[in-house]
Amino acid sequence: MKKTWWKESVIYQIYPRSFADSNGDGIGDLNGITSKLDYLKELGIDVIWLSPVYKSPNDDNGYDISDYEAIMDEFGTMEDFDRMLAAAHARGIKIVMDLVVNHTSDEHEWFIESRASKDNPKRDYYIWREGRDGKEPNNWGSWFSGSAWKYDETTDMYYLHLFSPKQPDLNWDNPVVRQEVFDMMTRWCEKGIDGFRMDVISLISKPAGLPDAPLMNELYGDCGCTANGPHVHEYLQEMNEKVLSKFDIMTVGETACVTLEEAKKYANSEGTELNMVFQFEHVGLDGDAEFKWSTRKMPLIPLKENLTKWQKGLDGVAWNSLYFCNHDQPRVINRLGNPSDEYREISAKCIATCLHMMQGTPYVYQGEELGMTNYPFRSVKDFNDLESINAFYELTEKMGWDPEEIFPKIANKSRDNARTPMQWDDSPNAGFTTGTPWLAVNPNYKKINAAEQVNRADSVFSYYKKLIELRHQYDIIVYGSYDLLLPEDPDLYVYTREFEGHKLLVVCNFSESRREFFPDEEFREGKVLIQNNVGCDIFDGRLEPYEAYVIYI
Ligand code: TEU
Ligand code: CA
């Protein structure tokens, strides 16, 4: 297996709006990020992935971009960006940008022109269709509820938006659009950034003829049908040839609806497309039959089965991204651990051990390293995210769900859970802002915050720091092969890694009960690399609730 820096790195995702506010307007910004680089250096991460910082009307918090080459007013200026980049580089930290090119904002100059007339030179930058019997051109539903089509009076036609109506889809079949995107990417690379995380890049090539899709609910067809479309690999190979291969950068594709077979193409080790992708199967395991909204816990046996499929399936042929958390996912402690005072820290460490000892590049989402938890939403008025708000009204008003039944499910899975401000200390608003935060701070910030954890040896922060350090020290953690033990055990996640004559044993008890597990004889002589129940005797076979450890021989 070829060794590369991005395989050996740990990535930290920043959601700039919620990270650190430097000027008291309640919104995180670039100068805020610069002021916290020493904190990230202390944690030991190698790369920052910045969620979008480009000019945007913020219908979807920056994932609707109106100018790819300007900074969002609330976040600062291009000078602030340059200073942040230089300050990160000075500390040996790389910066990966979010690339959102499946769609733009409807306020992007390209779309303003495109919608102006049928013969505008930019008409074909987007996907326009005539209506069908006075209705939408096909049955596709948007990821954010409602139809994926919006009627536009100016030319009496509809445009496609897989996400919000303020996020019209670009027409990737148009070579001029592809070249515009490639040129823009090249300019960012020339500026010195270190890579791209590519938003819903699996959706860029729409099926020929845009046919109706199988229904995903009683109202709409499943627009997941646009994933892994007919030309997606061709377009990414073109991007690779024209841009990516010219720079020493890393790329990760956010590939909604990716299968293992497709991932082998997107992230192939020949390097003709991307370096790695985010898969979604494991974070869908706690959904209900109809949709993601639910109050279920993540079931461990299917989780083991799924992650094992990806670990073994990509070994040697592609490369995994390792994640539980990002700005679209609820906090992992609530899904897989236990947020109570008794178990919060130990379960956070157990989850982290399980993920960080796998093969692939790990991603830490801001606040995950502190064990931040879901927010106690009480009403739909507490939500900011359009996905949660739209889902609530569509499900109750159009589909007849009982609000009392659906609200807790949406609250439990809402993307806003991840987007509450970073908890820096126990001062008002968790030290995130001196003003009024754009989204409420989690009331548990006096207990859970960075200041309390950075210098405490047994904190979640210190544990993440140790996991990151170990990955930097031991090749086996990065490159070793993976094997699952005890696949049918509902509580224990146990696996081994192997590399150049060495072995790791990773043991995690994901339950609130005491369990028994005796490591194999061969591990007796081994070294305990990390354990979350410090000082206990591993070989007495007793595993406390959420106990986790790693042995190396
Ligand atoms: O997300 C796309 C995606 O597939 C999802 O994670 C999605 O937001 C969620 O599952 C809806 O149920 C990307 C971005 O990460 C997200 O923040 C954006 O809203 C979306 O694309 C549109 O740009
Ligand atoms: Ca600010």
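Both counts, for ligands and for their atoms, begin at 1 and track the order of listing.
For atom 10 (O) of ligand 1, the closest non-hydrogen atom of the protein is Lys292 NZ, 4.1 Å. The shortest contact between atom 5 (C) of ligand 1 and any protein heavy atom is with Asp328 OD2, 3.8 Å. For atom 1 (O) of ligand 1, the closest non-hydrogen atom on the protein side is Glu254 OE2, 3.0 Å. In terms of protein heavy atoms, atom 7 (C) of ligand 1 is closest to Arg415 NH1, 4.0 Å. Shortest contact from atom 18 (C) of ligand 1 to any protein heavy atom: Asp60 OD2, 3.3 Å. Of the protein's non-hydrogen atoms, Glu387 OE2, 2.3 Å is the one closest to atom 12 (O) of ligand 1. Among protein heavy atoms, atom 13 (C) of ligand 1 sits closest to Asp199 OD1, 2.8 Å.
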Evaluate the side chain to side chain donor-acceptor pair (under 3.5 Å) criterion for residues Thr373 and Asn444: first the C-alpha distance (whole Å), next the side-chain angles of each, then the deciding distance (0.1 Å), finally the verdict. CA-CA 9 Å; Thr373 65; Asn444 63 20; 2.9 Å; yes
Let me see the working for Ile48 and Ile93 under side-chain contact (heavy atoms from CB on, under 4.5 Å), right down to the final yes or no. CA-CA 7 Å; Ile48 292 170; Ile93 296 175; 3.8 Å; yes
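Note: Phe377 and Phe383 meet the aromatic proximity criterion, with ring centroids under 6.0 Å apart. In this structure, Tyr159 has its ring center closer than 6.0 angstrom to the ring center of Phe111.
Ligand 1 lies less than 4.0 angstrom from a heavy atom belonging to Arg419. Using a 4.0 angstrom heavy-atom cutoff, Met198 does not count as in contact with ligand 1. The closest approach between any non-hydrogen atom of Gln329 and ligand 1 is not below 4.0 Å.
Considering each of Val101, Val200, Thr255, the one bringing a non-hydrogen atom nearest atom 2 (C) of ligand 1 is Val200.
Note on the Ca ion (ligand 2): protein N/O/S atoms under 3.0 Å are Asp21 OD1, Asn23 OD1, Asp25 OD1, Ile27 O, Asp29 OD2.
Evaluation of the salt bridge (Lys or Arg N to Asp or Glu O under 4.0 Å) rule for Arg83 yields Asp80 as partners, not counting sequence neighbours.
Side-chain atoms of Arg296 come within 3.5 Å of backbone atoms of Gly287 as a donor-acceptor pair (strictly under, hydrogens ignored).
A side-chain donor-acceptor contact under 3.5 Å links Tyr464 and Glu368.
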